[in-house]
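Comments concern the structure below.
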Amino acid sequence: MRIYLDNSATTRPYPEAVAAMTEVLRDNWGNPSGIHSFGRDAFDAMAGARRQVAALIGADAAEIYFTSGGTEADNLAVLGVAGRFARGHIITCAIEHSAILNSCRYLEQQGFDVTYLRPDMAGFISVQQVAAALRPDTLLVSIMHANNEIGTIQPIAEIGQLLQNRGVLLHTDAVQSAGKIPVDVNELGVDMLTLSSHKLNGPKGVGALYVRHGVDIAPRLFGGGQENKLRSGTENMPGIVGFGCAAELTRGRWPEQAQKSRLARDELLRELTRLGLTDFVVNGEAEDWSRRLPGNLNLSFRGVAAGTLLLMLDMAGVAASAASSCSAGSGEPSHVLQALGLDEWRLTSAIRLTFGWENTPEEARLAAAAIYEQVNWLRSEAEGGLG
Ligand code: PLP
């Protein structure tokens, strides 16, 4: 048995995306900047992918800038805005991905001011908090659309309305939300938006920053002036074409896929209760599940060390993770759960189970049985050790 419940870390590429990439590697390997037919063929393939990615988020193709992934797109958004000013104020929140947080910390060292909004216990930032933090010198608000650890969905459209005509740019990291819930740049009212291909069944090492027409940000990479002078470097053609293919398929399939991951997620939770597991709690929003990503579950089990439980589950054939995949292995409790102000036992025993459209209710029941067994075993071991 091998059950993959780590779809927020990465997803399995669609076979169609793999085929599209293979074709580019084999038959369309020209440099898209070339002025000959090889270059034009490559350019056309890239232009097609740009349209496909743009269509997923209701953007214009010319507003899509390909990057090496979500991390680079987040960096480009934050540092790119700062690059146009000598000083200023940025608003973000404490539960952002480290690609945003570390960019902001870097800017603080350069003399910028950053406000890190604290979420409530369920993981939400309110539009009132953003309004209260605004200053005359605020340049940018960067708040993620959905959180990668607890799946909470932030009120980006309301924040977009708040910032309208205020001369403050709004960026959102939609790496986890795109392909799971509606993501439309005009409905959200954002100026910039980050995407990552490998979270929506595309290849790794490619992503995009949407930059609204008329928004001027500074480049971070200097060279041949590719991507309309914003992101130099010969483009990752296979990755970009695979990303485009995945974006197009996701656009047509996401409601059904989201429903499948939701059903599997709900089944696991139901099964744990049915089996009679005690003393566990959902981290993040647990009342109104529409405010949480469909495939996301984050659970703490009293008296159990998350790292040990994950190892046992892996041996039992269930792949899950602690906190985000990026910080897993650091031994540090998740900065997201810490920001919620949870009790110590919830921090040290939290695991993240993220379901994708390929997960079935049957898999969810099997995974629940494995969790039930391992949690009870670890608890009985701990008791034995004490006595
Ligand atoms: N932002 C969020 C919310 C993420 O979950 C991730 C990846 O886990 C990233 C950014 C980084 O994306 P990438 O892996 O493409 O660099």
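One-based numbering, in listed order, for ligands and for the atoms of each. Residue numbers count from 1 along this sequence.
A donor-acceptor contact closer than 3.5 angstrom links the side chains of Y14 and T250.
Only the side chain of M144 comes within 4.0 Å of ligand 1, judged by heavy-atom distances. Under 4.0 Å from ligand 1, the heavy atoms of D173 that appear belong solely to its side chain. Using a 4.0 Å cut-off between heavy atoms, N147 makes no contact with ligand 1 at all. For H198, every heavy-atom contact with ligand 1 shorter than 4.0 Å involves the side chain, none the backbone.
Because its NZ or CZ atom is not both nearer than 6.0 Å to the ring centre of F301 and within 45° of the ring axis, R346 does not count as a cation-pi partner of that residue.
For S8, no nitrogen or oxygen atom sits less than 3.5 Å from a nitrogen or oxygen atom of ligand 1, counting backbone and side chain alike. Residue V175 has no nitrogen or oxygen atom sitting less than 3.5 Å from a nitrogen or oxygen atom of ligand 1, judged on distance alone.
Under the 6.0 Å cut-off for aromatic ring centres, W29 and F38 qualify, their centroids lying closer than that.
Between E96 and ligand 1 there is no heavy-atom distance shorter than 4.0 Å.
The contact set between ligand 1 and G69, taken as ligand atoms under 4.0 Å from a residue heavy atom, comprises 15 (O). Proximity to Q176 (heavy-atom distance under 4.0 Å) selects the following atoms of ligand 1: 3 (C), 4 (C), 5 (O). Near D74, meaning under 4.0 Å from any of its heavy atoms, are these atoms of ligand 1: 1 (N), 10 (C).
You'll find the side chain of L79 reaches within 4.5 Å of the side chain of R220, heavy atoms only.
R379 is linked by a salt bridge (charged side-chain N to carboxylate O under 4.0 Å, His left out) to nothing, counting only residues two or more places apart in sequence or in another chain.
Annotation: side chain to side chain donor-acceptor pair (under 3.5 Å) contacts involving residues 299-317, sequence neighbours excluded, comprise N283-S300.
A donor-acceptor pair under 3.5 Å links the side-chain atoms of Y4 to the main chain of D6, judged by distance alone.
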